[in-house]
Amino acid sequence: MPNLSVRPERMDGARVLVTGGAGFIGSHLVDRLVVRNEVTVIDDLSTGTLRNLGRARGKVHLKKASVLETDTLAGAMEGQQTVYHLAAKTSVPESVAKPDAYWRTNVEGTVGVLKAAADAGVGRVVFVSSAAVYGNSPEMPKVESMRPDPASPYATTKMVGEFACEEIRGMTGIETVVVRLFNAYGPRQDPSAPYSGVVAKFCAAIAAHRPLEIYGDGEQTRDFLFVADIAEGLELAGTQPVNGVTLNMGSGEAFTVNEVVRLLSEIAGEPIRVTRKPERPGDVGHSRADVSRAKERLGFTARTSVREGLKKTLEDARKRSSRSS
Ligand SMILES: NC(=O)c1ccc[n+]([C@@H]2O[C@H](COP(=O)([O-])OP(=O)(O)OC[C@H]3O[C@@H](n4cnc5c(N)ncnc54)[C@H](O)[C@@H]3O)[C@@H](O)[C@H]2O)c1
C-alpha cells in the first residue's frame with residue numbers, strides 16, 4: 001500500500017483553474033474547492049450556466065471564454081498550481097452528427113489546455129475523461145489496463161485527450177492525471193438534452209408528473225456515481241501522488257434502469273407511470289467500473305448510496321420544477 005499520508009487529502013490555499021467549471025460536474029467541484037482555495041473558472045457557457053455557480057458567487061473568478069481562445073487561456077493559467085480540465089462537448093449522438101466540432105473542442109481544446117499549463121509552470125493537470133473510452137465490449141468490470149475501444153467520436157476525442165496528457169507530461173515534465181468517469185448524476189444535471197443522464201430525465205419527469213421513458217427492457221446496467229462524491233474524488237486526484245496514472249471513478253456497483261425506477265418510486269412515495277420505448281441504437285448495454293485502483297491510490301470510495309443520491313436529485317428536480325412553474 002502506498003503511504004497516502006505524505007500528501008494532504010485536501011487542497012488548501014492553492015490556486016486552481018477549473019475549465020468547464022460552470023457545468024454540472026465542474027460547478028460541484030468549484031463549490032468544494034472554493035472553500036479553501038483561490039478558484040478561477042474558464043467556461044464559454046455553451047451548456048454550463050451562471051446559476052450553477054450561484055453558491056460560489058463572489059468567491060470564484062469567472063472568465064467567460066472558450067478554451068480555444070489561446071490568449072485568454074494563457075492569461076488564466078498564470079500562477080495556477082493545479083488545473084482541472086472538464087470543458088468539453090459531451091453528447092455521444094451529437095458527436096456522431098458533428099465530429100469536427102467535437103474534435104476541435106475536445107482534442108484541440110485539451111491539447112491547448114495542456115500546453116498552456118506547461119508553459120505557465122502549472123504543477124498538475126487533472127483531465128476528466130470518460131468510461132466511454134472502453135466502448136461496448138462485454139468484459140466487466142472495466143479495468144484501466146484494458147485496451148481502449150472507442151465506439152463514437154466523443155469516445156475517440158477523450159481517448160486522444162488521454163494520449164495528449166501522456167505526450168505533454170513526457171515532453172515537459174508537467175504532472176498529469178487521467179480520471180475516467182462513469183455515470184455521473186445529481187443536482188444541476190441538465191435533463192433537457194435528448195441523451196442526458198437517465199437519472200436527470202427521470203427526476204425531471206417525476207417532478208413534472210410526466211411518465212418516465214424507458215428504452216428497451218430496462219435491464220441495461222450503469223455504474224452511477226453521485227456528483228458530490230465525484231468532486232471529492234477529483235480533489236484527491238489533484239493532491240495524491242498519482243502523476244501519470246489513469247484512474248476509473250465509479251461506484252463499482254451496477255444498477256439496472258428498472259431498479260432506479262423502483263427506488264425513485266419508493267422515494268417519491270407515489271406510483272410512477274412508465275412508457276416503454278424501443279431500444280436505441282448505440283446505447284451501451286452494461287457498464288461497471290473496477291474501482292480498486294482509485295481506492296488504493298487515492299483512498300477514494302463512493303460515500304453516497306444510490307438511494308440517498310436519488311433522493312437528493314429528486315429534491316433538486318422538484319425545486320427547479322416549482323421555480324419554473
Ligand atoms: N456527466 C457524466 O456522466 C460524465 C461521464 C464521463 C465523463 N464526463 C466528463 O465530465 C466533464 C463535465 O461534464 P458534465 O456532465 O458536467 O457536462 P456539462 O456540459 O455540464 O459541462 C461541460 C462544461 O464545459 C463548458 N464548455 C464546453 N465547451 C467549452 C469550451 N470550448 N470552452 C470552455 N468551456 C466549454 C460548458 O459550457 C459546460 O459548462 C466533461 O469533460 C465530460 O466529458 C461526464
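In listed order, ligands and their atoms are each counted from 1. Computed from a prediction, not measured in an experiment: that's the story for all the values here.
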Protein contact of atom 2 (C) of ligand 1 - nearest heavy atom, named by residue and atom, plus distance: A184 CB, 3.6 Å

Contact check, Y185 vs ligand 1, heavy-atom distance below 4.0 Å: no

Test item, G109 contacting ligand 1 (heavy atom, 4.0 angstrom): no

4.0 Å heavy-atom contact, G197 with ligand 1: no

R180 to Y134 six-membered ring, cation-pi geometry met (6.0 Å, 45°): yes

Polar side-chain atom of D190 near backbone of F24 as donor-acceptor pair, under 3.5 Å: no

Part of K158 within contact of ligand 1 (heavy atoms, under 4.0 Å): side chain

N248 side-chain N/O to D290 backbone N/O, donor-acceptor pair under 3.5 Å: yes

Location of contacts on A65 toward ligand 1, heavy atoms closer than 4.0 Å: backbone

K277 NZ to L212 CG distance, which is reported to the nearest 0.5 Å: 12.0 Å

Atom 26 (N) of ligand 1: nearest protein contact (heavy atom, Å): D44 OD1, 3.4 Å

Residue that, paired with L298, satisfies side chain to side chain contact (heavy atoms under 4.5 Å, CB included) out of L236, L234, V245, V291: L236

Residue and atom name of the nearest protein heavy atom (relative to atom 18 (P) of ligand 1), distance in Å to one decimal: T47 OG1, 3.8 Å

Part of D43 with heavy atoms under 4.0 Å of ligand 1, whether side chain, backbone, both or neither: both

Atom 31 (N) of ligand 1 - nearest protein heavy atom and its distance: S66 OG, 3.1 Å

Under-4.0 Å heavy-atom contact with ligand 1, by part of L45 that carries it: backbone

Whether Y154 and Y102 hold their rings parallel, tilted or perpendicular, with breakpoints at 30° and 60°: perpendicular

Nearest non-hydrogen protein atom, atom 17 (O) of ligand 1: T90 CG2, 3.8 Å

Test of ring centre spacing under 6.0 Å for F182 and F224: no

Backbone N/O of T246 and side chain of R293: donor-acceptor pair under 3.5 Å: yes

Protein heavy atom at shortest distance from atom 43 (O) of ligand 1: Y154 OH, 2.6 Å

Protein heavy atom at shortest distance from atom 10 (O) of ligand 1: V128 CG1, 3.5 Å

S129, portion touching ligand 1 at heavy-atom distance under 4.0 Å: backbone

Which residue and heavy atom of the protein sit nearest atom 40 (C) of ligand 1, plus the separation: L86 O, 3.2 Å

